There are 2 protein chains.
Amino acid sequence: MSTPNTSGPRVGFIGLGAMGHPMAGHLADRGLLAVVGNRTAAKAANFAAAREASAGRDASAIGQPPIRAAATFADFAACDGVVLCVSADADVLENVDGLATHLSPGAIVIDHSTVSVETAREAAKRLAARGIGFLDAPVSGGVEGAKSGKLSIMVGGDEAILERARPVLEAYGARIALMGGTGAGQATKAVNQILVAGINEAVCEGLAFAEKLGLDAERLLPTLMAGAASNWFLDKRGATMLQGEFRPGFKCAHMAKDLRIVQAMAEAAGIRHPVIDRALADYSELEARGDGELDTSALILIKRDSRHTRFA
Amino acid sequence: MSTPNTSGPRVGFIGLGAMGHPMAGHLADRGLLAVVGNRTAAKAANFAAAREASAGRDASAIGQPPIRAAATFADFAACDGVVLCVSADADVLENVDGLATHLSPGAIVIDHSTVSVETAREAAKRLAARGIGFLDAPVSGGVEGAKSGKLSIMVGGDEAILERARPVLEAYGARIALMGGTGAGQATKAVNQILVAGINEAVCEGLAFAEKLGLDAERLLPTLMAGAASNWFLDKRGATMLQGEFRPGFKCAHMAKDLRIVQAMAEAAGIRHPVIDRALADYSELEARGDGELDTSALILIKRDSRHTRFA
């Protein structure tokens with residue numbers, strides 16, 4: 001499925017985690033990927049080596065330069081754009097500072113990380129000072145969406161910059177929505193995370209209850225999906241959580257990090273936010289008991305346990 | 001789309017509300033419906049008259065006896081089965097008692113109401129004493145599912161009785177699942193309502209937040225639906241709630257009634273149930289402020305208001 005790239009942009013990708021790895025793979029499939037970087041450098045070297053090995057078996061990749069693993073930010077200097085897919089606000093700004101000193105004016109940094117609106121604005125400001133464009137572009141759709149290349153991408157920034165970045169985003173986005181100026185992508189992702197966290201609460205509490213009632217999962221899950229309870233999380237995580245399988249997916253620790261950002265935003269916005277408060281308390285509890293690296297469907301583990309109900 | 005009924009069961013239907021009216025319509029379309037009843041008798045008379053008027057224009061309905069509006073339970077005496085679609089536990093048992101004295105042994109009562117497992121067992125017991133079968137068969141899929149004939153039907157009871165009732169359920173069910181013995185349908189519906197109530201909380205809190213952020217609904221809703229936040233309620237009620245349109249749909253008062261049943265069951269089951277508690281408190285508040293007859297999406301009205309957050 002490779003499309004040789006003779007004139008398209010040459011892109012760098014930083015952050016080869018559960019989401020970033022398959023997303024970078026889609027860029028490589030389209031011949032858009034030039035350089036990869038990762039905090040653990042071996043991951044980048046392995047990615048580059050694996051692509052080199054598969055390119056040797058792929059006729060359409062002949063003539064394309066190999067993908068390089070970056071050792072320093074200077075290795076991204078020739079890129080038209082660099083994609084970030086990291087975890088924390090500080091990681092985004094550290095990468096932005098490193099890239100700002102090496103990219104050429106007119107280059108674009110696309111950030112798929114989930115961070116605060118303020119971090120997005122700060123990143124845009126620091127890059128703009130060097131003539132470099134910025135899009136905050138958080139995604140939803142889980143590892144399934146990253147692997148299938150069918151993510152929902154929520155973009156904040158300038159429309160002209162988005163149009164130049166579109167060939168990159170189309171490599172893994174089923175829907176690309178410009179939500180407003182810088183920060184509007186992160187604002188939209190905050191809304192998305194309220195829904196995701198609240199739906200997880202509902203599904204995990206409901207399925208913990210179903211277990212106690214002794215209902216048969218194979219009949220229950222499609223029956224729930226056929227009615228008004230239908231949702232993405234039940235469809236993708238219902239069967240695995242009932243089997244005690246909690247490989248991420250999306251980690252409890254990452255959900256807790258996102259909800260801390262969202263809670264502060266909701267408080268400032270002046271809405272009632274009991275869903276955020278409940279979910280943040282629950283994922284913090286999962287982190288505290290050492291389950292932060294499990295998928296968010298591990299929430300069912302504490303729903304099953306009523307001992308602390310009245311003190312929660 | 002009428003299918004003439006020459007040898008199928010002749011069915012009665014009691015409870016022509018928002019769900020029951022279109023469900024009875026599907027039975028009539030298939031030529032299965034003989035008698036309709038309703039607490040407000042004029043509704044049954046209007047239903048029968050409207051079907052009579054439309055049958056006059058429908059060649060395939062020629063030769064079918066007209067649908068009669070029942071004045072008393074005796075009017076259901078010749079039915080092979082009677083379908084109930086009412087609101088409260090007491091209504092179900094009142095109808096069961098009335099039907100038990102008139103239906104013939106071998107007839108079946110199908111109850112689509114959402115009531116307690118105990119009420120389902122009591123109904124089955126009273127009917128069994130007269131040789132009459134019973135299925136608890138609550139549904140999910142909303143008024144949309146009732147109108148399109150694509151409900152999810154959660155059945156408790158005897159498999160042989162379900163097989164005899166299947167032609168009736170197929171008139172409006174996309175999925176018909178036998179979940180176990182008597183009461184298992186209601187147990188499954190209780191799980192369903194935890195998911196539905198919790199998803200409503202998540203969607204209404206998220207959209208109230210999106211309003212405060214000034215995000216554009218036409219871009220927001222499809223973007224959320226394209227990722228991991230995707231769910232039935234957002235799809236069916238997102239746009240209308242943001243327009244301040246709260247026609248039911250599913251009434252807040254009915255959700256509160258269901259959640260009172262579910263809360264007691266969850267407490268007895270020994271799970272943590274903060275989702276149920278929060279939703280019941282919120283729908284009770286909506287009832288108390290006079291909004292019990294609005295659709296459950298009216299929950300966004302109290303999410304917008306942070307004045308009581310800390311006392312809620």
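Computed from a predicted structure; not experimentally measured. In the text below, chain A, chain B and the rest are named by the order of the sequence lines, each starting its count at 1.
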Exercise for review: Measure across A:A229 and B:L195 and return the closest heavy-atom pair with its distance rounded to 0.1 Å.
Suggested key: CB-CB, 3.7 Å
**Study point:** Taking every non-hydrogen atom, the tightest pair across A:I199 and B:A202
**Key:** N-CB, 3.8 Å
Review point. So with a 6.0 Å cut-off around CZ of B:R247, is the heavy-atom count from everything else above 12?
Key: no
Review point. Highest number of heavy-atom pairs under 4.5 Å with chain B: which of A:I194, A:V196, A:L207?
Key: A:I194
Study note, to complete from the structure: Counting heavy-atom pairs under 4.5 Å with chain B, the top scorer among A:G198, A:A197, A:A228 is A:A228
Point to revise | Winner by heavy-atom pair count (cut-off under 4.5 Å) against chain B, out of A:L151, A:L234, A:V139, A:I276 | key: A:I276
**Study point:** Top contributor to chain B contacts, counting heavy-atom pairs under 4.5 Å, from A:A266, A:G145, A:G142
**Key:** A:A266
Check your understanding: Does the pair B:D258 and B:F250 meet the rule for a side chain to side chain contact (heavy atoms under 4.5 Å, CB included), with working shown?
Key -> CA-CA 11 Å; B:D258 291 0; B:F250 183 55; 3.5 Å; yes
Check your understanding: Quick one: does A:Y172's side chain get under 4.5 Å of A:I153's, heavy atoms only?
Key -> yes
Check your understanding: Between A:R237 and A:E144, is there a side-chain N and carboxylate O pair less than 4.0 Å apart?
Key -> yes
Revision key, fill the gap. Among residues 213-227 of chain A, those lying within the under-4.5 Å heavy-atom range of chain B are A:L213, A:L215, A:D216, A:R219, A:L220, A:P222, A:T223, A:L224, A:A226, A:G227
Revision key, fill the gap. Highest number of heavy-atom pairs under 4.5 Å with chain A among B:S152, B:G141, B:C204 belongs to B:S152
Check your understanding: Is a side-chain donor or acceptor of A:H26 paired with a backbone partner of A:K147 at a separation under 3.5 angstrom?
Key -> yes
**Study point:** Test salt bridge (Lys or Arg N to Asp or Glu O under 4.0 Å) applied to B:R272 and A:E205, A:E201, A:E285, the passing residue
**Key:** A:E285
Study note, to complete from the structure: Highest number of heavy-atom pairs under 4.5 Å with chain B among A:M154, A:R175, A:K236, A:K150 belongs to A:R175
Revision key, fill the gap. Of B:M265, B:K303, B:E211, the largest count of non-hydrogen pairs under 4.5 angstrom with chain A goes to B:K303
Check your understanding: Between the main-chain N or O of B:I271 and the side-chain N or O of A:K212, is there a donor-acceptor pair closer than 3.5 Å?
Key -> no
Practice item. Might you point out which heavy atoms bring B:A165 and B:I110 nearest each other, and give the distance in Å? Key: CB-CD1, 3.8 Å
Review point. Taking the side chain from B:D282 and the backbone from B:L299, do they hold a donor-acceptor pair closer than 3.5 Å?
Key: no
Point to revise | Least distance between heavy atoms, A:A146 atom then A:M19 atom | key: CB-O, 3.8 Å
**Study point:** Most contacts with chain B, counted as non-hydrogen pairs under 4.5 angstrom, among A:V117, A:L178, A:N200, A:I176
**Key:** A:L178
Check your understanding: A:L169 and A:L162: which non-hydrogen atoms are nearest, and at how many Å?
Key -> CD1-CD1, 3.5 Å
Point to revise | Shortest non-hydrogen separation from B:D158 to B:A160 and the atoms involved | key: OD2-N, 3.0 Å
Exercise for review: Using a heavy-atom cutoff of under 4.5 Å, enumerate the residues of residues 182-192 of chain A that contact chain B, numbered in order, or state 'none'.
Suggested key: A:A184, A:A187, A:T188, A:A190, A:V191, A:N192
Point to revise | Toward chain A, the part of B:A174 with a non-hydrogen atom under 4.5 Å | key: neither
